[in-house]
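To find a chain, count down the sequence lines: A is the first, B the second, and so on, and within it residues start at 1.
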Number of protein chains: 2
Amino acid sequence: MKLSTRTRYGIRALLELAENTGDSPLQIKVIGKKQDISIKYLEQLMSILKGGGFVRSLCGSKGGYLLAKEAKDIKLIDVFNCLEGPFVTVECLADKSLCSRTSDCVTRKVWFKVQKAVNEVLESMSLQDLVEQAKEQRELNYQI
Amino acid sequence: MKLSTRTRYGIRALLELAENTGDSPLQIKVIGKKQDISIKYLEQLMSILKGGGFVRSLCGSKGGYLLAKEAKDIKLIDVFNCLEGPFVTVECLADKSLCSRTSDCVTRKVWFKVQKAVNEVLESMSLQDLVEQAKEQRELNYQI
DNA sequence: ATAATATACTACTAAAGTAGTAGGTTTAAT
DNA sequence: ATTAAACCTACTACTTTAGTAGTATATTAT
């Protein structure tokens, strides 16, 4: 059970945008180079993120991407849902009718707990939190 | 990000074994029928579980499977690890050398938190817990 | 002994998902 | 007009998943 590259790349790209203070947009190729992500692949991910309302784009020369809302308003759970689909450990959690033994299935309750634990972590974190952590980290590295 | 059938089927099969009090072993085809799992597929899963030391088998006529240890000593995290491989959100959590930016990667920390949350849930539950929950559930259903 | 019954083992497969690649089209600034 | 960017669609190699199939081996009952 592993995370796909979509969410990982996506969040790293968003982080780049969040750290790109100033008015001028950031280009996919700049992000891709800095984060070592295939440009063409990142293109697709950015398109998904745009659909999710996390970023906005400017076409043409001098174009690129910008965050569509403030970093503090971008929760990681929402980005995850957008790029990876909702984290459901088993289908019957989303749709009870899928399994006849649902009503007294104890394993279902296990997966529910797992799912809840994951969602709570991602629900509690915003892109802004990551920006701040990254800043702290850099200061720490500088001191050394 | 979804759970595979392996772990789900596996735990349900173990639950059947745990509830099969008495000395005689339980056959794969009995478990498969009761839990609606392909016999041939379950065969493979049981073989993996045997390798993991969770069950023991008796060959031949009147053979079948038994738990290899007490239900209270079978932690769900161990069953999960056995059937699904360890839950690692990203490879770099297991092997730092896989990525050069590991040292100050803030997204890595996110995935670590997620991974920890999942592991804690599964670490805290044993097969015995499920047996008891199932029993409670049945009593509850009976009252209605 | 042998028939019956169960696990054990190995190989194969259809379908879906992952992580891209490729190439052309549209949009906007200079 | 040219250029540089996003936008869009299709394709593909690879891996994983969830099985199926068939044979071999071990044990028990007769």
Side-chain angles (χ1 to χ4, degrees), chain A residues 1-10 12-13 16-17 20 23-33 35-52 54-68 80 83-91 98, chain B residues 1-10 12-13 17 20 23-33 35-52 54-68 80 83-91 98-99:
Chain A
M1 207 178 190
K2 244 181 57 187
L3 200 64
S4 77
T5 56
R6 280 196 296 279
T7 314
R8 299 195 285 126
Y9 291 176
R12 271 154 57 192
E16 286 292 331
L17 293 185
N20 177 47
D23 297 338
S24 54
L26 204 57
Q27 290 87 39
I28 284 181
K29 68 173 181 187
V30 175
I31 300 172
K33 240 176 217 172
Q35 289 287 338
D36 198 29
I37 301 168
S38 146
I39 309 293
K40 280 305 221 175
Y41 190 40
L42 188 54
E43 225 176 59
Q44 293 170 39
L45 303 185
M46 294 309 290
S47 167
I48 298 173
L49 286 172
K50 188 183 176 185
F54 301 101
V55 299
R56 63 198 170 87
S57 62
L58 295 171
C59 259
S61 181
K62 303 254 170 164
Y65 282 92
L66 294 160
L67 287 188
F80 184 96
L83 288 167
E84 193 113 0
F87 178 82
V88 256
T89 42
V90 290
E91 293 298 348
L98 285 172
Chain B
M1 207 178 190
K2 246 179 57 189
L3 200 64
S4 78
T5 55
R6 278 198 298 279
T7 312
R8 297 195 286 125
Y9 291 176
R12 271 155 56 191
L17 293 184
N20 176 47
D23 297 338
S24 55
L26 206 57
Q27 291 85 41
I28 284 180
K29 68 174 181 187
V30 175
I31 300 171
K33 238 175 218 173
Q35 288 287 338
D36 198 29
I37 301 168
S38 147
I39 308 294
K40 280 303 222 176
Y41 189 40
L42 187 54
E43 223 176 61
Q44 294 171 37
L45 303 186
M46 294 310 288
S47 169
I48 298 173
L49 286 172
K50 190 184 174 185
F54 301 101
V55 299
R56 61 198 171 88
S57 63
L58 295 172
C59 262
S61 180
K62 301 252 169 164
Y65 282 91
L66 294 161
L67 286 189
F80 184 97
L83 288 167
E84 193 114 0
F87 177 79
V88 258
T89 41
V90 289
E91 293 297 348
L98 285 172
C99 175

Between B:I31 (CD1) and C:dA6 (C1'), how many Å, whole number? 12 Å

Criterion side-chain contact (heavy atoms from CB on, under 4.5 Å) on B:L49 and B:Y65, from CA distance to verdict: CA-CA 10 Å; B:L49 286 172; B:Y65 282 91; over 6 Å; no

When every non-hydrogen atom of A:I39 is compared with those of A:K29, the smallest separation belongs to CD1-CA, 3.4 Å

State whether the distance check finds a donor on one side and an acceptor on the other, under 3.5 Å, for side chain B:K40 versus base D:dG22. yes

Any chance you could measure A:L45, atom CG, to A:T7, atom OG1, to the nearest 0.5 Å? 9.0 Å

Check the phosphate of D:dT20 against B:S38, side-chain N and O only, distance under 4.0 Å to OP1 or OP2. Yes or no? yes

Of C:dT7, D:dA6, C:dA19, the nucleotide closest to the side chain of A:Q27 is D:dA6

Using a cut-off of strictly less than 4.0 Å, decide whether B:K50 has a side-chain nitrogen or oxygen near OP1 or OP2 of C:dA8. yes

Residue closer to the 5' end of DNA chain D, A:S47 versus A:G63 (nearest nucleotide): A:G63

Under-4.0 Å side-chain N/O to phosphate OP1/OP2 contact, A:Y9 with C:dG20: yes

In whole angstroms, how far is the C1' atom of D:dT17 from the CZ atom of B:R6? 7 Å

Interatomic distance, A:I48 CD1 vs C:dT18 C1' [rounded to whole Å]: 12 Å

Stepwise, does the side-chain contact (heavy atoms from CB on, under 4.5 Å) test hold for B:F54 with B:L17? CA-CA 10 Å; B:F54 301 101; B:L17 293 184; over 6 Å; no

Using whole Å, what does the distance between atom C1' of nucleotide C:dA19 and atom CG of A:L83 come to? 14 Å

Nearest 0.5 Å, please: how far is CG in B:N20 from CG in B:L67? 8.5 Å

Does OP1 or OP2 of C:dA8 have a side-chain N or O of B:Y65 closer than 4.0 Å? yes

Distance check needed: C:dA19 C1' versus A:Q44 CD, whole Å only. 9 Å

To the nearest Å, give me how far apart CG (A:L58) and P (C:dA28) are. 9 Å

How do A:T5 and A:C59 order along DNA chain C: which one's closest nucleotide is nearer the 5' end? A:T5

Does D:dA5 have OP1 or OP2 under 4.0 Å away from a side-chain N or O of A:K29? yes

Rounded to the nearest Å, what distance is computed from the CD atom of residue A:E43 to the P atom of nucleotide D:dA6? 7 Å

Classify the side chain of B:E84 and the base of D:dT17 as holding, or not holding, a donor-acceptor pair under 3.5 Å. no

Is the shortest side-chain N/O distance from B:S4 to OP1 or OP2 of D:dT16 below 4.0 Å? no

What is the distance from CG of A:L42 to P of C:dG20, rounded to the nearest Å? 11 Å

